[in-house]
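Only one structure is covered here, and it is reproduced in the block below.
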Amino acid sequence: MSSSMSSPAINADISEMLLELGKHEMNVNQNRFKYQMYRKAAKSVVDHPKRIQSVAEAKGLAGVGAKIALKIMDFVANGSNRQLDRVRQSDTNQSINELLRVSGIGPKLAAKLMADGIDTIDRLRTIADTLTDHQKIGLKYVDEFERKIPREEIQKIETLLTAKMNEFNKNLLLTICGSYRREARESGDIDVLITHRNVTSDQMKFKTNTYLKDSVRSLQKCGLITDRLSLGDTKFMGVCRLSKECPHRRIDIRFLPLDQYFCGILYFTGNDFFNQQMRKHANEMGFTLNEYSLRRLGLTSVPGEPIAITSEKEIFEYIDFPYKEPRDRNF
DNA sequence: CATTAGTG
DNA sequence: ACTAATGA
């Protein structure tokens with residue numbers, strides 16, 4: 001879900017190696033700056049229109065300095081890059097990546113675990129009692145969470161969700177966003193947005209409503225939701241399972257006030273590139289668009305009050321951006 | 001970049 | 001209050 005449409009990925013392999021190196025800097029070396037360096041370099045590499053052939057050409061790219069240029073050339077000359085190969089093989093890299101498969105475990109904990117000699121998921125199990133609830137659940141379902149979710153399964157979950165929500169409160173609206181809404185054949189997780197027919201953002205500033213929690217309870221009661229990773233007033237992260245024969249799935253449910261619902265749907269439907277372009281277009285048209293609202297830009301360039309939105313389509317109309325069905329927002 | 005959990 | 005982790 002991340003390629004440029006103009007010049008069909010001529011340097012894709014190079015940018016992948018860069019991204020992998022960057023990820024390693026992040027996860028293993030905890031160096032977020034180098035991580036960023038690699039990302040920007042990777043980006044300018046992908047959308048460079050022709051295959052990179054010289055260090056000069058490489059170094060001319062934004063974010064590519066002497067070091068990265070060398071790595072690129074190394075990669076171009078041989079089919080690979082020595083540092084990358086070495087990094088891939090390093091035991092700590094492998095162990096950390098294994099540990100990172102567990103939801104709730106990030107680079108910090110992974111490093112600490114390594115130091116304590118916990119370098120595999122099996123060993124992690126031996127100290128499961130020291131983990132947080134989130135991590136325990138992540139551990140319990142590591143394999144299941146890595147499985148893709150067929151659209152048909154999400155469809156069933158959707159109708160179930162809708163039914164439960166309605167039976168429990170007629171004024172709740174829901175939309176499953178993400179790649180599912182874009183009609184992908186399968187998705188990595190389930191991203192649900194809900195709102196209430198008459199809850200506004202202003203009132204949410206004061207009274208913290210319980211619609212999300214109540215919804216989660218009823219979904220728990222009916223057995224669809226099996227575990228909870230976290231639950232606040234506006235965001236639930238957890239686990240659901242359609243039926244005994246299905247794997248457990250990651251599901252997120254967020255509650256939005258009605259006046260932010262459509263911008264939210266738009267945003268969470270993505271994909272990222274589509275969002276970027278749409279936002280940029282909004283700017284050209286003198287608006288600012290984000291996950292919460294569409295606002296008109298004053299000549300001073302300061303955003304005014306959020307424009308009242310009552311459908312996703314309206315957003316397109318305001319900034320006159322040709323409407324795209326979710327299915328063709330895969331930029 | 002904002003929301004939650006957990007700790008001290 | 002701070003820190004880690006998710007996610008999009």
Side-chain angles (χ1 to χ4, degrees), chain A residues 1-2 19 23 26-32 35-36 39 43 96-97 99-116 124 127-139 141-142 145-146 149 175-182 184 187-194 201 204-205 208-213 215-216 225 227-240 248-257 260-280 288-293 303 312 326 329-331:
Chain A
M1 248 183 280
S2 65
L19 288 173
K23 183 174 137 193
M26 177 67 128
N27 295 154
V28 180
N29 301 330
Q30 314 213 322
N31 190 328
R32 92 194 207 208
Y35 167 73
Q36 285 184 147
R39 296 202 44 171
K43 158 157 182 158
I96 286 186
N97 284 336
L99 264 10
L100 290 179
R101 293 172 50 209
V102 177
S103 181
I105 295 186
K108 285 296 202 324
L109 181 57
K112 179 192 162 181
L113 291 169
M114 287 290 285
D116 296 347
L124 192 57
I127 59 157
D129 59 320
T130 69
L131 299 176
T132 66
D133 290 359
H134 180 160
Q135 289 156 179
K136 284 176 190 153
I137 294 168
L139 180 55
Y141 301 126
V142 252
F145 287 171
E146 285 172 355
I149 315 172
T175 305
I176 301 186
C177 300
S179 58
Y180 170 73
R181 185 150 182 270
R182 299 197 309 268
S187 304
D189 58 11
I190 303 168
D191 195 6
V192 187
L193 265 46
I194 67 182
S201 48
M204 281 195 15
K205 288 171 189 160
T208 154
N209 74 64
T210 87
Y211 292 122
L212 179 59
K213 285 172 181 170
S215 303
V216 168
I225 288 181
D227 304 81
R228 135 186 348 181
L229 265 17
S230 68
L231 175 58
D233 291 338
T234 60
K235 191 171 87 175
F236 164 79
M237 297 198 322
V239 186
C240 70
H248 290 81
R249 309 300 196 178
R250 278 281 294 104
I251 182 172
D252 292 345
I253 306 178
R254 48 242 300 170
F255 183 89
L256 274 49
Q260 303 187 336
Y261 192 56
F262 302 99
C263 287
I265 289 174
L266 176 64
Y267 176 79
F268 287 109
T269 297
N271 68 6
D272 294 345
F273 292 130
F274 173 78
N275 284 163
Q276 287 186 221
Q277 300 198 176
M278 189 156 168
R279 290 180 176 204
K280 139 212 151 240
T288 176
L289 173 64
N290 64 191
E291 43 278 58
Y292 313 109
S293 64
E312 195 185 40
R329 299 189 195 163
N330 294 299
F331 278 36

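Below, read A as the first sequence line, B as the second, and so on, with proteins coming before strands; counting in each chain starts at 1. The structure presented is a predicted model; accordingly, all values stated were derived computationally and were not measured.
Arg228(A) places no side-chain N or O within donor-acceptor distance of the main-chain N or O of Phe236(A), the cut-off being under 3.5 Å. Side chain of Asn209(A) to main chain of Tyr211(A): a donor-acceptor pair is present (N/O by atom type, distance under 3.5 Å, no hydrogens or angles). Here the side chain of Arg250(A) pairs a donor or acceptor atom with the backbone of Gly238(A) at under 3.5 angstrom.
The nearest whole Å value for the distance from the NZ atom in Lys112(A) to the C1' atom in dA5(C) is 15 Å. Nucleotide dA8(C) holds its P atom 12 Å from the CD1 atom of Ile190(A), rounded to whole Å. As a whole-Å value, the separation of Gln135(A) CD from dA4(C) P is 13 Å. Between the CG atom of Leu231(A) and the P atom of dA5(C) there is a distance of 21 Å, rounded to whole Å. The CD-P distance, from Gln30(A) to dT3(C), rounds to 14 Å in whole Å. Atom CZ in Arg101(A) sits roughly 18 Å away from atom C1' in dT6(C) (whole-Å rounding). Atom CG in Asn271(A) sits about 13 Å away from atom P in dA8(C), given to the nearest Å. The NZ-C1' distance, from Lys108(A) to dA4(C), rounds to 7 Å in whole Å.
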| field | Stepwise side chain to side chain contact (heavy atoms under 4.5 Å, CB included) check, Ile253(A) with Ser215(A) | value | CA-CA 10 Å; Ile253(A) 306 178; Ser215(A) 303; over 6 Å; no
| message | Checking Leu131(A) against Leu124(A) for the side chain to side chain contact (heavy atoms under 4.5 Å, CB included) test, could you report, in this order, the C-alpha distance in whole Å, the side-chain angles of both residues, the deciding distance, and whether it holds? | response | CA-CA 9 Å; Leu131(A) 299 176; Leu124(A) 192 57; 4.2 Å; yes
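Neither side chain, Ser103(A) nor Tyr141(A), offers a donor N or O lying under 3.5 Å from an acceptor on the other.
The residue Phe236(A) sits apart from the nucleic acid: no heavy atom pair falls under 4.0 Å. Within the nucleic acid shown, Arg228(A) has no heavy atom closer than 4.0 Å to any nucleic acid atom. Among the protein residues, Asn275(A) comes within range of no part of the nucleic acid, since none of its heavy atoms lies under 4.0 Å from any strand.
Relative to the ring axis of Phe268(A), Arg254(A) places its NZ or CZ within 45° and under 6.0 Å from the centre.
In the set dT6(C), dA5(C), dA8(C), the nucleotide with an atom closest to the side chain of Asp189(A) is dA8(C).
Of all nucleotides in DNA chain B having an atom under 4.0 Å from a heavy atom of chain A, the first and last in 5' to 3' order are dA2(B) to dG6(B).
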